[in-house]
Amino acid sequence: MRVPIIAGNWKMNKTVSEAVELVRVLRESTADVEKVEMVVCPPFVSLMAVKDALAGSKIGLGAQNVFWEEKGAFTGEIAAGMLKDLVTYVIIGHSERRQYFGETDATVNKRVNAALKAGLTPIVCVGETLAQREAGETAAVVSHQVLNGLAGLTAEQAKSIVLAYEPVWAIGTGRASTGDDANAVVAQNIRVPLSKLFGEAVAQGIRVQYGGSVTAANAAEFMSRPEIDGALVGGASLKAADFTGIIEATAQVK
Ligand code: PEP
């Protein structure tokens, strides 16, 4: 059984006090939720305060990125060893990092290794752009990202990873994919490569989220699909009621 996981990627939103206020409301609105792993990923500067605000709650904490070196002259970067006292999860390879900050499968691979070494759970994002989809390249692009981003990991390491299938054209556009399409991509272009890398049993145990314009209104469509084990949520994670609605829809459907 794969436990569904709903993670909120806050991106570059919320001041420290706004972040604390959001999780104060969220921890109350989700207090009765069971059997859904819940995660919020605020900006680095809010992690400490949000960690305190979440103490004793069921909501886990994640970061939005991690650098692969352990320490040294890397101005502006944050190492996995610095994060591990604060967070349990870390988003890696988000399409915005690929698009705006030169992230590649090779750098994703280095970050995943560093995160695992520190005992963090990586949430590794993959997904095709609109141009790639229209050129019929979705299968090739997504499986290539999985095979290269996770190359060299052991099956044991892979067990703790979460993947997020996020078609780039669906992120922040209000144009979500469909449950059937996302389910098919996860089955064919994510689980098959995972199985090649780590064997079928491990591939079947790895959780794969869908991400891209998920809302409380459409969450059930994705969560009702057998290959989809949760959601990575951007915009709708910034309002407690919307994020809670997605979590509740997941708890009902799964
Ligand atoms: C994301 O940033 O990972 C995301 C899925 O954003 P949104 O939900 O806003 O499309």
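Because only heavy atoms are used, hydrogens play no part in the values below, and waters and symmetry mates are left out as well, while side chains stay in. Whatever order the structure lists ligands and atoms in, that order sets their numbers, starting from 1. One is the number of the first residue; the rest follow in order along the sequence.
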Checklist entry - Can you name the salt bridge (charged side-chain N to carboxylate O under 4.0 Å, His left out) partners of E200, sequence neighbours left out? => result none

Checklist entry - Could you go step by step and tell me if R111 and E103 meet the salt bridge (charged side-chain N to carboxylate O under 4.0 Å, His left out) rule? => result CA-CA 10 Å; R111 294 183 208 278; E103 192 82 69; 2.7 Å; yes

Item to check | F67 and F74 aromatic ring geometry - parallel, tilted or perpendicular at 30°/60° bounds | outcome: tilted

Checklist outcome for this item: Taken to the nearest 0.5 Å, the spacing of C41 SG from I91 CD1 works out to 4.0 Å

Item to check | Neighbour list for ligand 1 [protein residues, heavy atom under 4.0 Å] | outcome: N9, K11, H94, E166, A170, I171, G172, G211, G212, S213, L232, V233, G234, G235

Checklist entry - Should R225 and D181 be marked as a salt bridge (charged side-chain N to carboxylate O under 4.0 Å, His left out) after you check the CA-CA gap, both sets of side-chain angles, and the distance that decides it? => result CA-CA 10 Å; R225 297 307 196 278; D181 192 281; over 6 Å; no

Checklist outcome for this item: Result for side chain to side chain donor-acceptor pair (under 3.5 Å) between D229 and one of Q209, R207, R2 points to R2

